[in-house]
Amino acid sequence: MKVERHEVGPRMSQIVIHGDTVYLAGIVAQNNAGKSVTEQTKEILATIDSYLAKAGTDKSKLLTANIWLANMDTFAEMNAVWDAWVTPGNTPARATVQARLAAPQFTVEIMVTAAK
């Protein structure tokens with residue numbers, strides 16, 4: 001099967017498509033870095049929507065989601081945004097963990113896989 005890559009950089013591709021599966025790299029909030037978990041999560045989810053559309057799919061076809069939080073005390077804040085965004089009845093398998101992210105201004109990172 002063909003492997004298709006979009007937004008290819010020297011270290012990673014933002015979108016990789018293999019067959020009918022779409023893999024997104026971990027996404028952080030570039031425009032809202034340093035702002036609240038709510039603002040960062042909203043930006044990340046909008047970016048995910050955009051990348052999925054570029055790959056020919058959408059959030060109703062999410063298979064998995066990995067979420068990293070800099071502080072697990074913000075779990076409920078992130079979930080409030082996530083719950084309003086995710087498609088009811090089509091929720092993915094998901095894991096959320098606390099981790100030190102690439103830079104202190106990032107408090108949320110999300111990576112998803114979706115079907116086409």
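Only this structure's heavy atoms are used, side chains among them; waters, hydrogens and symmetry mates stay out.
We find the NZ-NZ distance between Lys42 and Lys35 to be 11.5 Å, quoted to the nearest 0.5 Å. Separating the CE atom in Met78 from the CG atom in Leu45 is a distance of 9.0 Å, to the nearest 0.5 Å. Atom CZ of Arg5 is separated from atom NE2 of His18 by 9.5 Å, given to the nearest 0.5 angstrom. Atoms CG and OG1, on Asp20 and Thr57 in that order, are 9.5 Å from each other to the nearest 0.5 Å.
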### Query
Does the pair Phe106 and Arg100 meet the rule for a side-chain contact (heavy atoms from CB on, under 4.5 Å), with working shown?
CA-CA 9 Å; Phe106 299 126; Arg100 186 178 311 182; over 6 Å; no
### Task
Determine, step by step, whether Leu62 and Leu52 satisfy the side-chain contact (heavy atoms from CB on, under 4.5 Å) criterion, reporting the C-alpha distance in whole Å, the side-chain angles of both residues, the deciding distance to 0.1 Å, and the verdict.
CA-CA 9 Å; Leu62 288 178; Leu52 291 175; 4.0 Å; yes
### Task
Please step through side-chain contact (heavy atoms from CB on, under 4.5 Å) for the pair Ile15 and Tyr23, ending with a clear verdict.
CA-CA 6 Å; Ile15 305 165; Tyr23 304 88; over 6 Å; no
#### Entry: Working for side-chain contact (heavy atoms from CB on, under 4.5 Å), residues Thr113 and Leu24
CA-CA 6 Å; Thr113 303; Leu24 300 187; over 6 Å; no
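The main-chain N or O of Asn71 is never found under 3.5 Å from a side-chain atom of Gln98 such that the two would form a donor-acceptor pair. A distance-only check finds a donor-acceptor pair linking the side chain of Lys59 to the backbone of Trp85 [under 3.5 Å]. Using modelled atom types, no side-chain atom of Gln14 and backbone atom of Ala25 make a donor-acceptor pair closer than 3.5 Å. Using a distance-only test at 3.5 Å, with no hydrogens or angles considered, no donor-acceptor pair links the side chain of Ser13 to the main chain of Val16. Using modelled atom types, one side-chain atom of Gln40 and one backbone atom of Thr107 make a donor-acceptor pair closer than 3.5 Å. Proximity of a side-chain donor or acceptor of Thr64 to a complementary backbone N or O of Ala93 within less than 3.5 Å is not detected.
Under the 4.5 Å side-chain criterion, counting only non-hydrogen atoms from C-beta, Val3 is not in contact with Ile17. Side-chain contact check for Ile27 versus Met111: every heavy-atom pair is 4.5 Å or farther apart. Counting heavy atoms from C-beta outward, Val8 and His6 have side chains that stay 4.5 Å or more apart. You'll find the side chain of Asn90 reaches within 4.5 Å of the side chain of Ser60, heavy atoms only. No side-chain heavy atom of Thr96 sits under 4.5 Å from any side-chain heavy atom of Asn79. Contact of the Ile110 side chain with the Ile48 side chain is registered, since non-hydrogen atoms from C-beta on lie closer than 4.5 Å. Side chains of Val112 and Tyr51 form no contact here, defined as non-hydrogen atoms less than 4.5 Å apart. The shortest side-chain heavy-atom distance between Phe75 and Leu69 falls under the 4.5 Å cut-off.
Taking each heavy atom of Ala55 and Val22 in turn, the nearest pair found is CB-CG1, 3.6 Å. Residue Val37 comes nearest to Glu77 through the heavy atom pair N-OE2, 3.4 Å, listed as atom of the first residue, atom of the second, then distance. Across all non-hydrogen atoms, the minimal contact from Val108 to Ile44 is O-CD1, 3.4 Å.
When the side-chain hydrogen bond (donor to acceptor under 3.5 Å, both in side chains) test is applied to Glu43, the partners found at least two apart in sequence or on another chain are Asn32. Lys54 is linked by a salt bridge (Lys or Arg N to Asp or Glu O under 4.0 Å) to Glu7, counting only residues two or more places apart in sequence or in another chain.
In this structure, Arg94 satisfies the cation-pi test against Trp82, with its NZ or CZ atom closer than 6.0 Å to the six-membered ring centre and inside 45 degrees of the ring normal.
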